[in-house]
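Before any comments, here is the structure.
In this chain, numbering begins with 1 at the start of the sequence shown. What you see is a predicted model; the values in this text were computed from it and never measured. One-based numbering, in listed order, for ligands and for the atoms of each.
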Amino acid sequence: MNDINRTLAPVGVFDSGVGGLTVAREIMRQLPNEKIVYFGDTARVPYGSKSKNTIIKYSKQIIRFLKTKGVKAIVVACNTASAMALEEIQPETDIPILGVIKPGAKTAVEKTKNKRIGIIGTEATIRSNIYKDIICEKDGSVTVVGKPCPLFVPLVEEGWIKDPVTREVAKRYLDYFRQEDIDTLVLGCTHYPLLRNTIGEVMGESVTLVNPAYETAVSLRALLQEKNLAAGNEHRYEGNMYDFYVSDTADKFKHFANSILPFHIEDIGQINIEEY
Ligand code: DGL
């Protein structure tokens, strides 16, 4: 592939399902010249309660699929897959791969003043201790406290974003941080940025919320520039900038996507991911 064709190639973004659309949405907003191929593993979601080996196997299959689409870089939009599989999958491909954990962890370290950071995520992400490890590598004087909030994912998928039930669940989970005196909280799961207002209200103004989706798009820009892969304005694509694929029926995905993306999507490809 020559240099221009390489810059014109799409960025692959994948998640266990719909949640990674929060990351794709940020990339669309911050890097409007980049074409995206998004894959949501709707047949095998959730990843948050699965084992490391299973998540590595799934992630490898998805990378093989994305490669068939000629992607120039891959964003692992799923916190759980970034936590469990990134290290294993990275050496297997020559395509640059970016996860969501490092960018979120870096920002949390920059934001905290009292050096006490909270992390919320799936059970697998919190159990992996990866946020803690990366944060403490950057600054050993920081204390990190993690809390899994598994009910947030189905609540978001049900569309209960501003709902008294969700608020009550948030209060129950986040009460855990009351004695911890954190001043920064990382929204360490794809779905949580959609609950930002509720989480912010429960935590209060003294706590800064870090959205790894935003930080990942910032890091992707830097990565593409560093590798001379960034698409320029002059190379703007004709036709579809964004392609979406799922591993199960597309209806629920389409409904969710159309509720959070700034444009309407109609065509979603369904593939058998087990073939990859
Ligand atoms: N995408 C997952 C994450 O960010 C949440 C949903 C799941 O458990 O698969 O951790």
Side-chain angles (χ1 to χ4, degrees), residues 12-27 38-63 66 74-87 89 97-105 107-108 118-132 134 146-161 166 169-170 173 185-196 199 209-217 219-220 244-248 252-253 256-257 260 273:
V13 179
F14 82 85
D15 179 45
S16 54
V18 293
L21 289 170
T22 57
V23 179
R25 181 176 69 171
E26 260 321 308
I27 298 171
Y38 182 96
F39 175 76
D41 200 357
T42 50
R44 307 188 294 193
V45 70
Y47 283 11
S49 50
K50 296 203 167 67
S51 71
K52 187 175 171 84
N53 282 347
T54 301
I55 296 168
I56 291 172
K57 179 187 141 198
Y58 290 175
S59 302
K60 284 183 178 174
Q61 288 176 318
I62 296 168
I63 285 171
L66 289 173
I74 292 175
V75 176
V76 184
C78 177
N79 280 257
T80 306
S82 298
M84 297 297 209
L86 189 60
E87 225 172 85
I89 56 183
I97 304 190
L98 183 69
V100 283
I101 309 253
K102 272 194 185 156
T107 309
I119 312 289
I120 50 176
T122 63
E123 274 151 7
T125 300
I126 300 302
R127 199 173 355 111
S128 76
N129 267 332
I130 189 160
Y131 272 105
K132 192 175 189 165
I134 295 176
K147 168 86 183 153
C149 302
L151 289 176
F152 281 168
V153 168
L155 286 168
V156 168
E157 299 217 347
E158 206 52 41
W160 294 12
I161 306 284
T166 307
V169 171
Y173 280 143
L185 180 67
V186 179
L187 308 178
C189 171
T190 45
H191 293 58
Y192 301 179
L194 296 168
L195 298 178
R196 200 190 172 99
I199 295 170
L209 302 184
V210 173
N211 176 3
Y214 177 88
E215 311 303 339
T216 300
S219 297
L220 177 63
F244 299 89
Y245 294 89
V246 290
S247 50
D248 205 341
K252 201 171 174 200
F253 182 91
F256 190 91
I260 73 157
I273 193 65

- Task: Could you check Y47 against Y58 for ring-ring contact (aromatic ring centres under 6.0 Å, His included), going step by step and ending with a plain yes or no?
- Result: CA-CA 9 Å; Y47 283 11; Y58 290 175; 5.4 Å; yes

- Task: Could you tell me whether the side chains of T122 and T125 share a donor-acceptor contact shorter than 3.5 Å?
- Result: yes

- Message: Out of the candidates I63, I89, L98, only one should pair with I74 under the side-chain contact (heavy atoms from CB on, under 4.5 Å) rule; please name it.
- Response: I63

- Message: As an exercise, identify every atom of ligand 1 less than 4.0 angstrom from a heavy atom of T122.
- Response: 5 (C), 8 (O), 10 (O)

- Would you say the side chains of D41 and S247 form a donor-acceptor pair under 3.5 Å? yes

- Trace of the side chain to side chain donor-acceptor pair (under 3.5 Å) decision for T107 with E215: CA-CA 7 Å; T107 309; E215 311 303 339; 3.1 Å; yes

- Query: With atoms numbered from 1 as shown, which atoms in ligand 1 lie under 4.0 angstrom from a non-hydrogen atom of C189?
  - Reply: 3 (C), 4 (O), 5 (C), 10 (O)

- In ligand 1, which numbered atoms sit nearer than 4.0 Å to a non-hydrogen atom of T190? 1 (N), 2 (C), 3 (C), 4 (O), 5 (C)

- Message: Which of the numbered atoms in ligand 1 are under 4.0 angstrom from any heavy atom belonging to D15?
- Response: 1 (N)

- Message: Surrounding NZ of K50 (heavy atoms of other residues, nucleotides or ligands, distance under 6.0 Å), is the total greater than 12?
- Response: yes

- With sequence neighbours left out, the residues meeting side chain to side chain donor-acceptor pair (under 3.5 Å) with Y192 are none

- Query: With atoms numbered from 1 as shown, which atoms in ligand 1 lie under 4.0 angstrom from a non-hydrogen atom of Y47?
  - Reply: 7 (C), 8 (O), 9 (O)

- Task: Using distance alone, determine whether T80 and ligand 1 share an N or O pair under 3.5 Å.
- Result: yes

- Message: Using a 3.5 Å cut-off on N or O atoms only, is S16 in polar contact with ligand 1?
- Response: yes

- Is the closest heavy-atom distance from G121 to ligand 1 below 4.0 Å? no

- Task: Could you list which atoms of ligand 1 come closer than 4.0 Å to a heavy atom of V45?
- Result: 9 (O)

- Distance-only N or O hit between ligand 1 and G48, under 3.5 Å: yes

